[in-house]
Amino acid sequence: MSKDINRRDFIGLAGSSVGVGIFGNNPKSSKEADIGNIGSKGPVSEIQVLVEKTPFIDTHEHLPPESERVSNKDNRDFTPTPDIGLLFSHYANSDLQVAGLSSGDYNKLISWELSPKDKWNLISPYYEKCRNTGYLLCVRESLKALFGEEDLSEGNCEKISEMIREGIQPGFYRRILRDVANIEYVQINCLKSGVFRESEPASDLICFDISTVGIASSIRNLKSLNKFSGMEVTSLKEAHNAIEHIFEKFGPKAIAVKDQSAYGRKLLYERVKDEDVEPIFKKFVRKPSDLLPEELKLIQDNLFRKCIQCATEYKLPIKLHTGYFAGFNGMDLSRVRDNLCDLVPLIKDFPNTTFVLMHIAYPYQHELIALCKHYRNVYADMCWSWIIDPVSATLFLKEFLLTAPMHKIFTFGGDYTPVELVPGHARIARKGITLAITQLLSEGWITESEVPELLDRIIHRNASETFDLPRVLRAYGV
Ligand SMILES: [Zn+2]
């Protein structure tokens, strides 16, 4: 803390930054608007300025191709409709439904059949009940960042809907991600693209993960492996060859491997010998549905370990979903609780593989800090965590930085399908990072001189060192 600011002023400033609007309400550019609005000298504003101007490397989004959004702008068979319903089509929809919105009414919210006003009237009782959650806060922060609007209401829902629709133009991803959210580039895991997005190339703005869910960790049939091997896979050896072929084809073009098998199974990927799996695999080839769950698990364990071997050869970090489940009324918390314990055998068996454990394994984030502190090859990714539980995410960052080496944390991934909600998430993340670093400084855990290097690392450099975008661009000839 600098000498020209006493402790009470400092706490006052930090306290005021907890309120909505910490980063200003100017819709122009977050970089200009947010810095100009603080109006105070001293360490708090310096930290805010640094956090604002350092571009994020965004390690996790689910964005569909921009061309798909643009070409379906007026397609009445395509949902979510480009109006206020879109703002509630990811994550916020879960909180609204947990607060009582029926699934029938949710479908109306994202459809073309209601006007924006009718949509607002449909959701407003539930909106009020969960307006303070991170998911809903993110909707409002996105409104501020994109349109300069403070909140959604009956009075502005038509206008905001029109601005959402008008905003969908060629180049709008770059405008929203770079100009509004100050994100350098985004790593995309498109849930509709299967193993890898082949429909568009990586660029200086976007790049893609390989998904191992359908070919290994959660494999339930041979469709994907057959597709990439160009033949019917009939043995475990051929399945391994198909996986090798997939990595030969996409490994150089991928930024990482992403796997969210934790939604469907335990993360205990045991070492299973090929000869023990081969007879079960024959049965799998004949009729996958004949397998017992424990037999299917052995196949998945074996194939996923094969993927990890290949990913390691191509120097691809393995990003794993850990912790909390998206959606509602479906989370098996006991399995979630075991996620990190279950991963230890894999972490030990592949010491040269970089494991990036996502979403801070919420609500088991202390186990993640322990693993990052103890194992050289485990990294923490805060993607999604800022809107699941903003206060815990802030605390996590403080705890992590005083416990584990600082190069092992990535602080932002919006985890969104609609690009329009990424700026709000980025604002919440920047606010949490500012609070965490400000508090560490005020509590005397770090010194002012350490702050610039620390911020550069956690916002940008850690990700740029761990994920090799120049390699990916070379593979595309860029
Ligand atoms: Zn995700």
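Every number for a ligand or one of its atoms is a count from 1 in the order of the listing.
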* Is NZ or CZ of Lys253 both nearer than 6.0 Å to the six-membered ring centre of Tyr476 and within 45° of the ring axis? -> yes
* Minimum-distance N/O/S atom that Asp415 presents toward the Zn ion (ligand 1) -> OD1
* Is the distance from the Zn ion (ligand 1) to the nearest N/O/S atom of Glu61 under 2.8 Å? -> no
* To do: Indicate if the distance from the Zn ion (ligand 1) to the nearest N, O or S atom of His359 falls below 2.8 Å.
  => no
* Asked: So, His240 versus Asn302: side-chain donor-acceptor pair below 3.5 Å or not?
  -> yes
* Roughly how far, to the nearest 0.5 Å, is the CZ atom of Phe412 from the CG atom of Asn182? -> 11.0 Å
* To do: Give a yes or no on whether Cys383 keeps an N, O or S atom under 2.8 Å from the Zn ion (ligand 1).
  => no
* Which is the closest N/O/S atom of His62 when seen from the Zn ion (ligand 1)? -> NE2
* Asked: Does a salt bridge link Lys192 with Glu68, judged by any charged N lying under 4.0 Å from a carboxylate O?
  -> yes
* Could you tell me the separation between the NE2 atom of His90 and the CG atom of Leu87, rounded to the nearest 0.5 Å? => 13.5 Å
